[in-house]
2 protein chains.
Amino acid sequence: MTSSNKPALPVIRRLPKYYRYLINMQQAGKKNVSSSELSRIMGTTASQVRQDFNSFGGFGQQGIGYKVDTLVTEIRHLLFGDGQPLPTILIGAGRLGTAVSQFLVRDANGYSLLAAFDNNPELVGKTLGGIPIRHVDELRSFCSQYHPQVAVLCLPREGATQLSSTLVEMGVKGFWNFSHYDLSVDYPQVMVENVHLGDSLMSLGYHMRNL
Amino acid sequence: MTSSNKPALPVIRRLPKYYRYLINMQQAGKKNVSSSELSRIMGTTASQVRQDFNSFGGFGQQGIGYKVDTLVTEIRHLLFGDGQPLPTILIGAGRLGTAVSQFLVRDANGYSLLAAFDNNPELVGKTLGGIPIRHVDELRSFCSQYHPQVAVLCLPREGATQLSSTLVEMGVKGFWNFSHYDLSVDYPQVMVENVHLGDSLMSLGYHMRNL
DNA sequence: ACATCTTTGACAAACATTTGACAAATATGG
DNA sequence: CCATATTTGTCAAATGTTTGTCAAAGATGT
């Protein structure tokens, strides 16, 4: 019997990794994969793989394993919903913003980058890999017209708080925050993903010195 | 009695966040902080804060709370050891590499960036915020002379695997890997921190569509 | 058709983490 | 000096996650 509860948080955090490996397999023409094979690649146990997949619906055939295509489709659906990309804007077109926008356009699924904003007049009017850079003053009018749902924040700490309130007010539902500070908004309907490069670096340092 | 076991992994993952907030407090001149106050800021429970701090030594005074300075010192020691920065090199001086190097030099503690490498002759000879860009051909000779311990990989997938073997051979003990693929080395003494921007983005998307 | 091998799905046991509760220590105000 | 507030450290209970086990289903080779 297939469980129909929502997958637990640890499972969700593993989904992107499954997805990456499964896409690789799909591209390599692999049709089926067993939990034990996946577990070896993922560095976990076969038991966990099976339990993970069962938490969002039991496909997989005894004696054969799981169909790569089915898994890809299912996980893609979980991660990206109906496939409608989320309209996204980027704020802060400095070095980090440039790198992030490139990533968004070239390597990320499920998001469509509509525009970038900066308050530096020298940048305004240029493009970021095809995306026009506008002045932040145009933010409100842009939002009322195009209703972006996701905002990527690549600006210094100072600007971020104030700007995020404005954006929430304008209907933004998700933040991907690269500012060096923890953005937290009080509206329960708004999701924030704080990216702290420093955290993973500190983690690396800790493990290097203690393992 | 102060426990002297190593802190559990979840605790370690929280340390950078504690550290950030505590540094803020220190700069604001705050002397003491209670577990409940910290828990409110961190979004957890006071109980967890106390248990976390106890896992790496019980300081903190009943009736008062914890001394901010002591906490900062202790956590810094855990994260950065004796304060000796880890000699670091960066490979791949493209957009991402540029942004990451900037971050490393300006915003990260505990690492000193010695050099950057790229295979694009147009970049070689230029600098990355004061750090010279060299050709990857010089990598081996550079390593034998300067013995970097950490390598930051900002290059496309293809190059990464082969390069990492060379680097391990040359004595690199830690990788901060931004390639879009999971680097895994077989030497137990070598730490790898894979940074997948895409994962946090997929996570955001999932939560936006399912919450 | 049969025996054997592979593999899933389910469940329970083992393990890990978080939370709640409370005694003991310190501070504060009268 | 005493009563009351705060706050830690610790322990046990509650909760959450991972792992091991095994019957049943399907595949494979003879």
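Every chain is numbered from 1, with letters handed out A, B, ... down the list of sequences. We use all heavy atoms of the structure for the numbers below, so side chains are in, but hydrogens, waters and symmetry mates are not. What you see is a predicted model, and the numbers here were worked out from it, not measured in a lab.
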Practice item. For B:Phe56 and D:dG9, give me the distance from atom CZ to atom P, rounded to whole Å. Key: 11 Å
Point to revise | Mate of D:dT19 where both pairing distances stay under 3.5 Å, Watson-Crick or G-U | key: C:dA12
Exercise for review: Just compare C:dG20, D:dA27, C:dT7 and give me whichever is closest to any side-chain atom of A:Ser34.
Suggested key: C:dT7
Review point. Using a cut-off of 4.0 Å on non-hydrogen atoms, how would the nucleic acid contact of A:Ala8 be classed: base, sugar-phosphate, or nothing?
Key: sugar-phosphate
Check your understanding: Taking C-beta and beyond as the side chain, do A:Lys17 and A:Met42 meet within less than 4.5 Å on heavy atoms?
Key -> yes
Practice item. Examine D:dT8: is either OP1 or OP2 under 4.0 Å from a nitrogen or oxygen in the side chain of B:Ser35? Give yes or no. Key: yes
**Study point:** Which nucleotide in D:dG9, C:dT8, C:dC11 has an atom nearest any side-chain atom of B:Asn54
**Key:** D:dG9
Check your understanding: Which nucleotide sits closest to the side chain of B:Thr45: C:dT19, D:dT18, D:dT19?
Key -> C:dT19
Review point. Checking only heavy atoms, does the side chain of B:Gln62 share a donor-acceptor pair with the base of D:dT7 at less than 3.5 Å?
Key: no
**Study point:** Output field: ring centroids A:His180/B:Phe103 closer than 6.0 Å
**Key:** yes
Practice item. Specify the separation, in whole Å, of atom CZ of A:Phe59 and atom P of D:dG26. Key: 18 Å
Exercise for review: By nearest nucleotide on DNA chain C, pick out whichever of A:Gln51 and A:Ile64 is the more 5' one.
Suggested key: A:Ile64
Point to revise | Short side-chain N/O contact from A:Tyr66 to OP1 or OP2 of C:dG9, under 4.0 Å | key: yes
Practice item. Calculate the interatomic distance between A:Arg40 atom CZ and C:dT6 atom P; express it in whole Å. Key: 12 Å
Revision key, fill the gap. To the nearest angstrom, the CD-P distance between A:Gln48 and C:dA16 comes to 14 Å
Exercise for review: Starting from P on D:dT17, measure out to CD1 on A:Ile12 and report it in whole angstrom.
Suggested key: 10 Å
Review point. Which nucleotide in the list D:dT8, C:dT19, C:dT18 gets nearest to the side chain of B:Ser47?
Key: C:dT19
Check your understanding: Aromatic ring centroids of A:Tyr206 and B:Phe80 under 6.0 Å?
Key -> no
Study note, to complete from the structure: Paired to D:dA5 by Watson-Crick or G-U wobble criteria (both distances under 3.5 Å) is none
Check your understanding: Is any side-chain heavy atom of A:His196 closer than 4.5 Å to a side-chain heavy atom of A:Met202?
Key -> no
Practice item. Name the orientation class of the two ring planes belonging to A:Trp176 and A:Phe178 (parallel below 30°, tilted from 30 to 60°, perpendicular beyond 60°). Key: perpendicular
Practice item. Send over the distance from B:Arg13 CZ to C:dT18 P, rounded to a whole Å. Key: 8 Å
**Study point:** Syn/anti label of D:dA5 as read from its glycosidic torsion, with the cut at 90° from 0
**Key:** syn
Check your understanding: Starting at the 5' end of DNA chain D, which residue's closest nucleotide do you reach first, A:Asp52 or A:Gln61?
Key -> A:Asp52
Practice item. In whole angstrom, give the distance that lies between atom CZ of B:Phe53 and atom C1' of C:dT17. Key: 17 Å
Check your understanding: Would you call the rings of B:Phe59 and B:Phe53 parallel, tilted or perpendicular, where under 30° means parallel and over 60° means perpendicular?
Key -> tilted
Practice item. Would you indicate which nucleotide in D:dG9, D:dG20, C:dA27 comes nearest to any side-chain atom of B:Arg50? Key: D:dG9
Practice item. Return the value, rounded to whole Å, for the distance between atom NZ of A:Lys67 and atom C1' of D:dG26. Key: 13 Å
